[in-house]
Trainee: 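Before I ask anything, here is the structure I am working with.
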There are 2 protein chains.
Amino acid sequence: MERNTRQRSAIRDAIALAARPLLPLEVLDAAQAGAPGLSIATVYRNLRAMVDEGALRMVLLPGENARYEIGGSGHHHHFQCRGCLKVFEVDACPGNLQHLAPTGFSVEDHDLTLYGRCGECLGASGGTTAQTACEH
Amino acid sequence: MERNTRQRSAIRDAIALAARPLLPLEVLDAAQAGAPGLSIATVYRNLRAMVDEGALRMVLLPGENARYEIGGSGHHHHFQCRGCLKVFEVDACPGNLQHLAPTGFSVEDHDLTLYGRCGECLGASGGTTAQTACEH
DNA sequence: ATATTTGCAAACTATTTGCAGTTGT
DNA sequence: ACAACTGCAAATAGTTTGCAAATAT
C-alpha cells in the first residue's frame, strides 16, 4: 500500500542520519541530495505519513516548530542548546510527577525540555555566546 | 510614555480575571466586553508590550500557540487538562535537573508540562472523556 | 493498468506590520 | 498639540491541500 519512492527514502535517510530531531526545512535541505527537485509539500506529506505509521516521532518543544526524529525509541526528553539552538535526545526522565500537580488533578504524562549548552558549544568558546562555533 | 487606553485595561483585566493562561483569541473575546470593537491586532500589540514591560508572561506549551498570564509570579510550571484543554499553573518544581543531561552538557533551565485531568473534568464524568462537562 | 505520489500554486492559520485616523496626556 | 494608540487590510511564516502530470507496483 505504501510505495517506496526516491523522495520517501531520501527523507527517511536524512532523519536517520542526522541523529537529532530535524525541522521540516532541515529535512528538505538534507534530503534534496538524494532526491533532486524534492518539494517542501512532499516533505510535509511524508513526515505526516511516517508519523502516523510509527516510523517517525514528532518532537514538540515550547515555542518551536515541530521537529522529527526516528520513532520507536521509548519515552524520553530533549535538550535544546542555547548556543546553536540544536535539539538533542535525553534518555533520562524524572519519573512520576503526580506529586507536583494541584490536589484533585490526575497526572497521566509529562513533557520536559532542558535548556543550556551542548558539549560542542561549551568547549568551543569557554562560556560566552558560542554562535560562531556551531555551524547552525 | 505608556498610555492608559480602554483597550489596554480591558486586556489586562481579562487576563487577571481568568486566573489561568489565555490564548490571544480568548483574550480578545473576554476583553471585548470592556472595549467594544477591540481588534485582534491591538490584542497582539498589547500582549507583546505588556510582556516586554513585565506585566505579563508568555506561556509556551509544546505544540500549542502562546498563552498569556499575569507576570511577576516566580518560576513555575503548567498542567494541561486533556478533557477541557485548559492550562493551569503548577507551583511545584522538580528542582535542578542537571543530572538528566548527557555528560558534557550544562543545564541552565527547564520547561515542564504535566498532562492529565483537572479536578472539574475528573469529577464531572468519573473517568471517560469529559469534554461535555467543561465549558471549553 | 492504475492507484499512489509528486511538484506547483493556491489556501489556510496564527501573527505582524503599514498606514491613516483617533485618543490620552 | 502631538506622540502613542487603534482598526483595518495587507504582509508574513509555517503548514496544508487541489489538481494534473509522473511513477511504483
Side-chain angles (χ1 to χ4, degrees), chain A residues 1-15 18 21-69 80 85-87 136, chain B residues 1-15 18 21-69 80 85-87 136:
Chain A
M1 214 170 251
E2 307 262 80
R3 288 183 186 175
N4 214 39
T5 64
R6 195 166 30 88
Q7 290 87 338
R8 177 165 307 201
S9 319
I11 289 169
R12 184 180 9 250
D13 292 354
I15 295 172
L22 295 185
L23 296 164
L25 278 175
E26 293 177 313
V27 174
L28 175 67
D29 195 54
Q32 272 174 338
L38 174 63
S39 81
I40 189 67
T42 296
V43 170
Y44 277 109
R45 274 188 286 235
N46 278 286
L47 291 176
R48 174 193 283 258
M50 290 160 94
V51 166
D52 288 351
E53 182 188 310
L56 294 184
R57 170 201 301 248
M58 194 187 266
V59 176
L60 296 168
L61 301 202
E64 300 273 308
N65 297 331
R67 291 176 169 81
Y68 297 84
E69 66 182 10
Q80 183 170 38
L85 303 184
K86 282 183 197 152
V87 172
H136 165 75
Chain B
M1 215 167 247
E2 308 263 81
R3 288 182 186 176
N4 214 40
T5 64
R6 195 165 30 88
Q7 291 87 338
R8 177 165 307 200
S9 318
I11 289 169
R12 183 177 14 246
D13 292 354
I15 295 172
L22 294 185
L23 296 163
L25 279 176
E26 294 177 311
V27 173
L28 175 66
D29 195 55
Q32 272 174 336
L38 175 63
S39 82
I40 189 66
T42 296
V43 170
Y44 277 110
R45 275 189 285 235
N46 278 286
L47 290 176
R48 173 192 282 258
M50 289 158 95
V51 166
D52 289 351
E53 182 187 309
L56 294 185
R57 170 200 302 247
M58 193 186 268
V59 176
L60 297 169
L61 301 202
E64 301 272 309
N65 296 330
R67 291 176 169 80
Y68 297 84
E69 66 182 11
Q80 182 169 39
L85 303 185
K86 282 182 195 153
V87 172
H136 164 73

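Proteins come first, then strands; the chains are lettered A, B, ... in the order of their sequence lines, and each starts at number 1.
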Trainee: Whole Å only: how far is the CZ atom of A:Arg12 from the P atom of C:dT5?
Mentor: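 From A:Arg12 CZ to C:dT5 P: 12 Å.
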
Trainee: Nearest whole Å is fine: how far is C:dA14 P from A:Asn65 CG?
Mentor: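 That distance rounds to 14 Å.
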
Trainee: Using heavy-atom distances to pick each residue's nearest nucleotide on DNA chain C, tell me which of B:Arg6 and A:Ala35 is more 5'.
Mentor: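 Nearest-nucleotide comparison on DNA chain C picks A:Ala35.
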
Trainee: What is the separation between atom CD on B:Glu2 and atom P on D:dA3, rounded to the nearest whole Å?
Mentor: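 The distance from CD of B:Glu2 to P of D:dA3 comes to 17 Å, rounded to the nearest Å.
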
Trainee: Step by step, work out the side chain to side chain contact (heavy atoms under 4.5 Å, CB included) result for A:Asn46 and A:Leu56.
Mentor: CA-CA 10 Å; A:Asn46 278 286; A:Leu56 294 184; over 6 Å; no

Trainee: Using a heavy-atom cut-off of 4.0 Å across all strands, would you classify A:Leu38 as base, sugar-phosphate, or nothing?
Mentor: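 Here A:Leu38 touches the backbone only, sparing every base.
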
Trainee: Does D:dG7 have OP1 or OP2 under 4.0 Å away from a side-chain N or O of B:Gln7?
Mentor: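 Yes, B:Gln7 has a side-chain N/O under 4.0 Å of OP1/OP2 on D:dG7.
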
Trainee: Roughly how many Å is it from CZ in B:Arg8 to C1' in D:dC5, rounded to a whole number?
Mentor: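 Result: 8 Å.
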
Trainee: To the closest 0.5 Å, what do you measure between CZ (B:Arg8) and CZ (B:Arg3)?
Mentor: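 Spacing of CZ (B:Arg8) from CZ (B:Arg3) equals 10.5 Å.
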
Trainee: Any side-chain N or O of B:Asn4 under 4.0 Å from OP1/OP2 of D:dA4?
Mentor: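 It does not, given that no N or O in the side chain of B:Asn4 lies less than 4.0 Å from OP1 or OP2 of D:dA4.
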
Trainee: Check the pair A:Arg57, A:Tyr68 against side chain to side chain contact (heavy atoms under 4.5 Å, CB included), reporting the backbone distance first and the verdict last.
Mentor: CA-CA 6 Å; A:Arg57 170 201 301 248; A:Tyr68 297 84; over 6 Å; no

Trainee: Distance criterion of 3.5 Å, no angle test: do you see the side chain of A:Arg45 paired donor-to-acceptor with the base of C:dG7?
Mentor: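 Side chain to base: pair present.
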
Trainee: From CG of A:Leu60 over to C1' of D:dG14, roughly how many Å is that when rounded to an integer?
Mentor: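 One finds 14 Å between C1' of D:dG14 and CG of A:Leu60, rounded.
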
Trainee: Distance check: side-chain N/O of A:Thr5 vs OP1/OP2 of C:dT6, anything under 4.0 Å?
Mentor: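 Checking C:dT6 against A:Thr5, a side-chain N or O does come within under 4.0 Å of OP1 or OP2.
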
Trainee: Which is it for B:Leu22 and B:Asp29 under the side chain to side chain contact (heavy atoms under 4.5 Å, CB included) test, yes or no, and what are the steps along the way?
Mentor: CA-CA 10 Å; B:Leu22 294 185; B:Asp29 195 55; over 6 Å; no

Trainee: Could you give the CG-to-P distance, from A:Asn46 to D:dT23, as a whole number of Å?
Mentor: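 After rounding, the gap between these two atoms is 16 Å.
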
Trainee: Mind calculating the distance between OH (A:Tyr44) and C1' (C:dT5) to the nearest angstrom?
Mentor: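 Interatomic distance, OH of A:Tyr44 to C1' of C:dT5: 19 Å.
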
Trainee: For B:Arg3 and for B:Ser39, find the nucleotide of DNA chain D with the closest heavy atom, then tell me which residue's nucleotide is more 5'.
Mentor: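 Looking at the nearest nucleotide for each, B:Arg3 comes out on the 5' side.
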
Trainee: Rounded to whole angstrom units, what separation is found between the OH atom of A:Tyr68 and the P atom of D:dG14?
Mentor: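 Rounded to the whole Å, the gap is 13 Å.
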
Trainee: Of the nucleotides C:dT15, D:dG14, D:dG7, which has the atom closest to the B:Pro24 side chain?
Mentor: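 Of the candidates, C:dT15 comes closest.
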
Trainee: Under the criterion side chain to side chain contact (heavy atoms under 4.5 Å, CB included), I'd like the reasoning laid out for A:Arg45 against A:Ile11: C-alpha separation, chi angles, the key distance, then a yes or no.
Mentor: CA-CA 11 Å; A:Arg45 274 188 286 235; A:Ile11 289 169; over 6 Å; no

Trainee: For B:Ile40, answer base if it contacts any base atom (sugar-phosphate contacts may also be present), sugar-phosphate if it contacts only those atoms, and nothing otherwise; contact means non-hydrogen atoms under 4.0 Å.
Mentor: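 Nothing: the residue B:Ile40, judged by heavy atoms under 4.0 Å, touches no strand.
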
